[in-house]
Chemist: 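Below is a structure I'd like to ask you about.
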Amino acid sequence: AVVDMDAHKLVWERSLPDCTLNGSDFTGVGNKFFAVGKVMDADSKTYDGIYAGNMEFSGDFGLFLTPQYSRQFYNSWCGFGRVTEIKAFEDAHAEAYLFISFFEPIDQYKLLNFTGLYNLTRQSWVYERAPLNQVPSGRGVHSMSLVSSIARIPFGDSIFIWDVMAGKRKSSIALPMGSYGHRLQANRIGSTESL
C-alpha cells in the first residue's frame, strides 16, 4: 500500500502472492521503491531478489534484479542467497543508485558476505560482488547505515567503514571487549555523519 502522509489517505493498495516480499527491507528514491523478496526457480529452489515499484501506480511492480549468487550451495534457511539490506540514494549529479548487501552459503553453516552497487539511472551494475569477508563465517550482515556514500556495516566484532562508490573497505573499527573476555558483536547500527 502507498499512503499520502500529507493528505492522510490511501493512494493505492494491491495484493501480492504469498511470500513475495519478506518485509525485511524497503527503500526508495524519487517515485520508485524497492523491496526484498523471495524468488523461486523452476526447480523450486529459492533465493532473494529485489522487487521494484512505482509510488504513483499500483500496477508497476515486479522483480527488478537479483545479485549474482554463485549457486554452488543451497541450504534450507537462505536458499542460494539472501539480500540483507538495500539503500537507495542519489549522488551530487542526480544519478540514482541502489546499494545492496547480501550473502550466500558455502555449506550449511558458513557464509560469504558481499555488497553490490547498481546504477538505477544507467540500469547497470557499478560492481556486483565486492566481498566483505574473505574467510567464510557463520555471520551475515543484517544492518548498515549509509551517509554521503559511506556505509557503516556491522560485521562480527567490527564495524566496516565502506566506500560505496569504490566498492571497498576504507577502514574498520573493533568493538570493545565484553565482560567475558570476548569482543562485543555488532548487529544493528545508525549514524548521522560522514567520516
Side-chain angles (χ1 to χ4, degrees), residues 1-7 9-14 16-17 20-39 47-69 80-104 113-132 140-155 159-171 188-195:
V2 171
V3 177
D4 182 331
M5 297 302 286
D6 292 331
K9 69 175 188 173
L10 184 69
V11 177
W12 58 256
E13 65 179 303
R14 66 172 289 177
L16 298 173
T20 301
L21 302 182
N22 62 20
S24 68
D25 207 13
F26 287 87
T27 189
V29 62
N31 65 350
K32 292 286 189 186
F33 68 91
F34 304 91
V36 175
K38 288 280 179 224
V39 179
Y47 51 91
D48 277 359
I50 299 167
Y51 290 78
N54 188 313
M55 299 281 278
E56 298 166 5
F57 309 106
S58 66
D60 185 10
F61 179 84
L63 183 62
F64 180 65
L65 62 86
T66 60
Q68 182 185 357
Y69 302 114
F80 284 122
R82 181 174 286 173
V83 174
T84 57
E85 186 107 17
I86 54 177
K87 302 279 187 193
F89 66 97
E90 284 187 343
D91 68 7
H93 307 290
E95 287 208 23
Y97 294 88
L98 186 63
F99 183 55
I100 304 159
S101 71
F102 66 98
F103 60 73
E104 63 186 34
N113 290 264
F114 300 92
T115 65
L117 182 65
Y118 189 82
N119 185 315
L120 296 165
T121 305
R122 298 176 191 218
Q123 298 289 297
S124 63
W125 287 99
V126 178
Y127 56 89
E128 193 172 353
R129 286 178 60 90
L132 283 175
V141 170
H142 294 288
S143 168
M144 67 173 148
S145 72
L146 178 62
V147 178
S148 302
S149 78
I150 299 297
R152 282 113 176 142
I153 304 170
F155 185 71
I159 297 172
F160 292 169
I161 311 303
W162 191 261
D163 184 330
V164 171
M165 299 310 286
K168 62 183 181 180
R169 184 170 26 162
K170 288 179 65 165
S171 62
R188 296 277 174 201
I189 190 168
S191 60
T192 58
E193 295 181 18
S194 179
L195 292 177

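None of the values given here were measured: they were computed from a predicted structure.
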Chemist: Donor-acceptor pairs under 3.5 Å, side chain of residues 49-57 to any protein atom, not counting sequence neighbours: which ones?
Modeler:
| residue | atom | partner | partner atom | Å |
| --- | --- | --- | --- | --- |
| Y51 | OH | K38 | O | 2.7 |
| N54 | OD1 | E56 | N | 2.8 |

Chemist: My understanding is that only one of V83, T84, L21 makes a side-chain contact (heavy atoms from CB on, under 4.5 Å) with V36; could you say which?
Modeler: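 Output: one option passes, namely V83.
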Chemist: Between the side chains of R14 and D60, is the shortest nitrogen-to-carboxylate-oxygen separation below 4.0 Å, so that they form an ion pair?
Modeler: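 Result for this pair is no, no salt bridge flagged.
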Chemist: Please report the interatomic distance CD1(I161) to CZ(R169), rounded to the nearest 0.5 Å.
Modeler: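 Between I161 CD1 and R169 CZ, I get 10.0 Å after rounding to 0.5 Å.
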Chemist: How long is the gap from OG1 on T27 to CD1 on I86, to the nearest 0.5 Å?
Modeler: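 Separation between the atoms: 6.0 Å.
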Chemist: Side chain to side chain contact (heavy atoms under 4.5 Å, CB included) for K87 and D25? Distances and angles first, verdict last.
Modeler: CA-CA 9 Å; K87 302 279 187 193; D25 207 13; 5.7 Å; no
Chemist: For N113 and L132, indicate whether the former's side chain and the latter's backbone hold a donor-acceptor pair under 3.5 Å.
Modeler: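 Absent.
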Chemist: Just so I know, are the side chains of L117 and M165 near enough to count as touching, which here means a heavy-atom distance under 4.5 Å?
Modeler: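 With C-beta onward as the side chain, the pair touches.
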Chemist: Hey, can you pull the donor-acceptor pairs under 3.5 Å for the side chains in residues 88-95, sequence neighbours left out?
Modeler:
| residue | atom | partner | partner atom | Å |
| --- | --- | --- | --- | --- |
| D91 | OD1 | H93 | N | 2.9 |
| D91 | OD1 | A94 | N | 3.1 |
| D91 | OD1 | E95 | N | 2.9 |
| D91 | OD2 | Y97 | OH | 3.4 |
| E95 | OE1 | N119 | ND2 | 2.7 |
| E95 | OE1 | R122 | NE | 3.0 |
| E95 | OE2 | R122 | NE | 3.1 |
| E95 | OE2 | R122 | NH2 | 2.7 |

Chemist: Quick check: do E128 and I100 have side-chain heavy atoms less than 4.5 Å from each other?
Modeler: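 No. Closest side-chain heavy atoms not under 4.5 Å.
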Chemist: What I'd like to find out is whether the side chain of M144 reaches to under 4.5 Å of the side chain of F99, using heavy atoms alone.
Modeler: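 Yes - at least one pair of side-chain heavy atoms lies under 4.5 Å apart.
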Chemist: Around atom CD of Q123, are there more than 12 heavy atoms of other residues, nucleotides or ligands at under 6.0 Å?
Modeler: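 Count over threshold, so yes.
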Chemist: Which value, rounded to the nearest 0.5 Å, describes the distance between K170 atom NZ and W162 atom CH2?
Modeler: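 Going from NZ on K170 over to CH2 on W162, the span is 12.5 Å.
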Chemist: For a quick test of reading the model, state the closest non-hydrogen atom pair linking L10 to A1 and the distance between them.
Modeler: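 Taking every non-hydrogen atom into account, CD1-CB, 3.9 Å.
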Chemist: Do the non-hydrogen side-chain atoms of Q68 and F114 ever get within less than 4.5 Å of each other?
Modeler: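 Of all side-chain heavy-atom pairs linking F114 with Q68, none is under 4.5 Å.
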Chemist: So if I apply the ring-ring contact (aromatic ring centres under 6.0 Å, His included) rule between F34 and each of F61, F64, F26, which one comes out positive?
Modeler: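 Single pass found, and it is F64.
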Chemist: Rounded to the nearest 0.5 Å, what separation is found between the OG atom of S101 and the CZ atom of F160?
Modeler: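 Answer for the OG-CZ pair, S101 versus F160, is 12.5 Å.
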Chemist: Can you confirm whether Y127 sits close enough to T115 that some side-chain heavy atom of one is under 4.5 Å from a side-chain heavy atom of the other?
Modeler: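 Counting from C-beta outward, Y127 and T115 do come under 4.5 Å.
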Chemist: Please round to the nearest 0.5 Å and tell me the distance separating atom OG of S145 and atom CD of E85.
Modeler: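 The CD atom of E85 is 9.0 Å from OG of S145, to the nearest 0.5 Å.
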Chemist: Working to the nearest 0.5 angstrom, can you tell me the gap between Y69 OH and Y47 OH?
Modeler: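 Spacing of OH (Y69) from OH (Y47) equals 8.5 Å.
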Chemist: Which atoms form the tightest heavy-atom contact between G167 and A130, and what is the distance?
Modeler: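 Nearest pair, atom of G167 first, then A130: O-CB, 3.6 Å.
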Chemist: Considering all heavy atoms of both residues, which atom of T66 and which atom of V39 are nearest to each other, and what is their separation?
Modeler: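 Closest heavy-atom pair between T66 and V39: CG2-CG2, 4.4 Å.
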